[in-house]
Amino acid sequence: MKNIVVVGSQWGDEGKGKIVDWLSSEADVVVRFQGGHNAGHTLVIDGITYKLRLLPSGIVRKNKISIIGNGVVIDPWAFIDEVNEIKSKGISVDENNLIISESATLILPFHIEMDEIREDAAGNSKIGTTRRGIGPAYEDKVGRRSIRVIDLISEENLDKRLDNVLIHHNAIRRGLGKKVFEKENLKKELLKIAPKILRFSQPVWKKIEEFKKENKKILFEGAQGILLDVDHGTYPFVTSSNTVASSAATGSGCGLNSINYVLGITKAYTTRVGEGPFPTELKDEIGNHLGEKGHEFGTVTSRKRRCGWFDGVLVRQTIKISGIHGIALTKLDVLDELDEINLCVAYELNGKKIDYFPASVEDQLNVKPVYKKFEGWKSKTQGIKRFDDLPEKAKIYVKAIEEFIETKISSISTSPERKDTILIQDPFNP
Ligand code: GDP
Ligand code: IMO
Ligand code: MG
């Protein structure tokens, strides 16, 4: 059995889509297990760009099965739009290559409105969410009042469920002086869209069991990054799901013994979208350069991503928390023109040196990075496909990261293109 989980080891947008697409040549099945269309995974194949939000990145390859697991939150209309968009690029999406879990939670219009109401009301303390209704949908799931894919099957059931969830939402909406949300129109629209969702729905846990018996290789595709995990991230500036690798098991319905290898996707510098602590952030020319050269604009919201130096302390910590076996280091080429490169190896907090990221947001905002300096290589790594072909100074930087984070760098990505990837160790055969 050779199944791997891919997770982001920073604040998301590490290049998971590119690496999952690249690895999926070897996989049979690709599974999304948490998050929703807050994710934006970019694939570039022979010059054509695909932006996936909810669909697993395996969808673009022929003869692969894509699965949206129970841990994902699905906006049914956003899902249909994405399916149509990807089909318009010549990719086939049907019951033969896509399965949706019957027990996945739906994101409904009142979730999106609640996300917006809260963000707008929060002023300076807003989270900077993607405003896709992710948080409110997960709250309803944990609050045991969600509407799930399987609820679309009967009008009677849907009616009861909508009454139940709207009692809760309308109480809050009234309290906030907002219009109550009417059930009838939403029910009508949901019943209209139901067949387009239900045609894909199956018991995912059972399908995964079948695939395991058939010795198929399964690749679990994480969304966001571990620093956005609701337990382990920079709370409250996080998303509302667990983004760590073990979520692959709960979010799809397979045991931990189904997972053999965890690959952490890691940018050769750091970015973050939205609010929250970011110790190595660069609000200067170098930060702007990274943003421009790395095209650091959100895939989902087009917001400018904040950029900074590689934070070894953070990545070493997320590797431990998530049980990462190896790293795919991405976007090394973005550093090609820099004279000097900094790597954060410790923090100073209230005059003391510390070797980990503290849990309180106040401390997280106050830590000062301690840097180790490296000479820039000032030559092109873009498109390089063999480690030996990298400039010596780039090798020194990569090796220093590897040593500091105490984890093998198993591949290096040198451009957005699928083919521009250096393979050092195959995660399917480590
Ligand atoms: P994800 O959310 O982790 O899948 O990452 P995104 O797709 O949101 O953001 C990563 C961006 O970097 C995308 O535009 C990718 O096409 C691009 N990218 C991925 N790997 C590389 C790389 O090695 N070099 C460069 N220059 N761009 C890359
Ligand atoms: P991928 O999968 C980067 C961030 C938002 C915000 C916080 C909460 O492309 O790496 P949410 O809408 O989830 O309630 O927002 O999380 N965020 C992401 N940042 N990449 C993502 O996904 C993200 N998904 C959510 O910007 O700070
Ligand atoms: Mg992204």
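Please read these numbers as outputs of a predicted model, since none were measured by experiment. Each ligand, and each atom within it, is numbered from 1 in the order the structure gives.
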Which residue and non-hydrogen atom of the protein lie closest to [atom], and at what distance in Å?
atom: atom 27 (O) of ligand 2; value: Val273 O, 3.1 Å
atom: atom 15 (C) of ligand 1; value: Thr42 CB, 4.0 Å
atom: atom 12 (O) of ligand 2; value: Thr130 OG1, 2.5 Å
atom: atom 15 (O) of ligand 2; value: Thr129 CA, 3.3 Å
atom: atom 13 (O) of ligand 2; value: Thr239 OG1, 2.6 Å
atom: atom 6 (C) of ligand 2; value: Gly128 O, 3.1 Å
atom: atom 17 (N) of ligand 2; value: Leu228 CD1, 3.7 Å
atom: atom 26 (O) of ligand 2; value: Arg303 NH2, 3.0 Å

Does [X] reach ligand 2, in the sense of a heavy atom lying below 4.0 Å from it?
X: Thr301; value: no
X: Gly40; value: yes
X: Arg132; value: no

**Prompt:** What distance do Ser410 atom OG and Leu329 atom CG have between them, rounded to the nearest 0.5 Å?
**Reply:** 10.0 Å

**Asked** Hey, what do you get for CG (Leu227) to CD (Gln364), rounding to the nearest 0.5 Å?
**Response** 9.0 Å

Side-chain donor or acceptor of [X] paired with backbone N/O of [Y] under 3.5 Å:
X: Gln34; Y: Ser241; answer: no
X: Ser146; Y: Thr105; answer: no
X: Asp21; Y: Gly17; answer: no
X: Lys216; Y: Val29; answer: no
X: Asn70; Y: Thr250; answer: yes
X: Thr407; Y: Ile405; answer: yes

**Item:** Leu390 and Leu332, any side-chain heavy atoms less than 4.5 Å apart
**Value:**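 Yes, side chains in contact.
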
**Side chain to side chain, Arg306 and Thr271, heavy atoms closer than 4.5 Å** = no

Salt-bridged, [X] to [Y], with N to O below 4.0 Å?
X: Asp75; Y: Arg132; answer: no
X: Asp336; Y: Lys380; answer: no
X: Asp115; Y: Arg131; answer: no

**Message:** Return all protein N, O or S atoms below 2.8 Å from the Mg ion (ligand 3), chain by chain in residue order.
**Reply:**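 For the Mg ion (ligand 3), the protein N, O and S atoms that sit under 2.8 Å away are Asp13 OD1, Gly40 O.
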
Run the side-chain donor-acceptor check on residues 286-295: report pairs under 3.5 Å with partners two or more places apart or on a different chain.
unit_1 : atom_1 : unit_2 : atom_2 : d
Lys293 : NZ     : Asp333 : O      : 3.0
Lys293 : NZ     : Glu337 : OE2    : 3.3

Given that the side chain starts at C-beta and the backbone is N, CA, C, O, which of these parts of [X] lies under 4.0 Å from ligand 1, counting heavy atoms, or is it both or neither?
X: Gln10; value: neither
X: Asp13; value: both
X: Thr414; value: backbone
X: Ser413; value: both

If you look only at distance, which donor and acceptor atoms sit under 3.5 Å apart when one is on a side chain in residues 423-430 and the other is two or more places apart or in another chain?
unit_1 : atom_1 : unit_2 : atom_2 : d
Gln425 : OE1    : Tyr261 : OH     : 3.3
Asp426 : OD1    : Phe428 : N      : 2.9
Asn429 : OD1    : Lys2   : NZ     : 2.8

**Asked** With only distance considered, is Ser240 within less than 3.5 Å of ligand 2 through an N or O on each side?
**Response**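 No.
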
Under 4.0 Å from any heavy atom of [X], which atoms of ligand 1 are there?
X: Gly15; value: 1 (P), 3 (O), 4 (O), 5 (O)
X: His41; value: 1 (P), 2 (O), 4 (O), 7 (O)
X: Lys18; value: 20 (N)
X: Gly17; value: 4 (O)

Please could you name the atoms of ligand 2 that [X] approaches to less than 4.0 Å, counting only its heavy atoms?
X: Ala223; value: 2 (O)
X: Lys16; value: 1 (P), 2 (O), 10 (O)
X: Asp13; value: 1 (P), 3 (C), 9 (O), 10 (O), 20 (N)
X: Trp11; value: 3 (C), 19 (N)
X: Ala39; value: 1 (P), 2 (O), 9 (O), 22 (O)

**Request:** Look at the aromatic rings of Tyr397 and Phe374 and report parallel, tilted or perpendicular, splitting at 30° and 60°.
**Result:** perpendicular

**Message:** Taking 4.0 Å as the limit for heavy-atom contacts, which would you say applies to Val238 with ligand 2: side chain only, backbone only, both, or neither?
**Reply:**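 Only the backbone of Val238 comes within reach of ligand 2.
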
**Request:** Of the side chain and backbone of Phe237, name the one, both, or neither that has a heavy atom under 4.0 Å from an atom of ligand 2.
**Result:** neither

**Request:** Answer yes if the side chains of Ser258 and Lys212 hold a donor-acceptor pair under 3.5 Å, and no otherwise.
**Result:**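 Checked: Ser258/Lys212 side chains pair up, N/O donor to acceptor below 3.5 Å.
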
Does even one non-hydrogen atom of [X] get within less than 4.0 Å of ligand 1?
X: Gly8; answer: no
X: Gly40; answer: yes
X: Arg418; answer: no

**Asked** Is there a salt bridge (Lys or Arg N to Asp or Glu O under 4.0 Å) between Glu221 and Lys16 once you walk through the steps?
**Response** CA-CA 8 Å; Glu221 175 180 11; Lys16 296 176 292 292; over 6 Å; no

**Request:** Step by step, work out the side chain to side chain donor-acceptor pair (under 3.5 Å) result for Glu95 and Gln202.
**Result:** CA-CA 10 Å; Glu95 295 87 332; Gln202 293 199 49; over 6 Å; no

**Message:** Is the positively charged end of Lys89 above the ring of Tyr50, judged by distance under 6.0 angstrom from the centroid and angle within 45° of the axis?
**Reply:** yes

**ring pair (Phe, Tyr, Trp, His ring centres under 6.0 Å) contacts touching residues 103-145 (sequence neighbours left out)** =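 Every ring pair (Phe, Tyr, Trp, His ring centres under 6.0 Å) pair that includes a residue of residues 103-145, provided the two are not neighbours, is Phe110-His169, Phe110-Phe181, His111-His169.
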
**Prompt:** With ring centroids as reference points, do Tyr371 and Phe310 lie under 6.0 angstrom apart?
**Reply:**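 No; Phe310 has its ring centre 6.0 Å or more from that of Tyr371.
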
**Asked** Would you say ligand 1 has an N or O under 3.5 Å from any N or O of Lys293?
**Response**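 Among all N and O atoms of Lys293, none is under 3.5 Å from an N or O of ligand 1.
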
Nearest-option assignment for [atom], heavy atoms, candidates [options]:
atom: atom 28 (C) of ligand 1; options: His295, Glu417, Lys51, Lys331; result: Lys331
atom: atom 24 (N) of ligand 1; options: Ile412, Asp333, Leu329; result: Asp333
atom: atom 1 (P) of ligand 2; options: Arg32, Arg272, Gln224, Arg305; result: Gln224

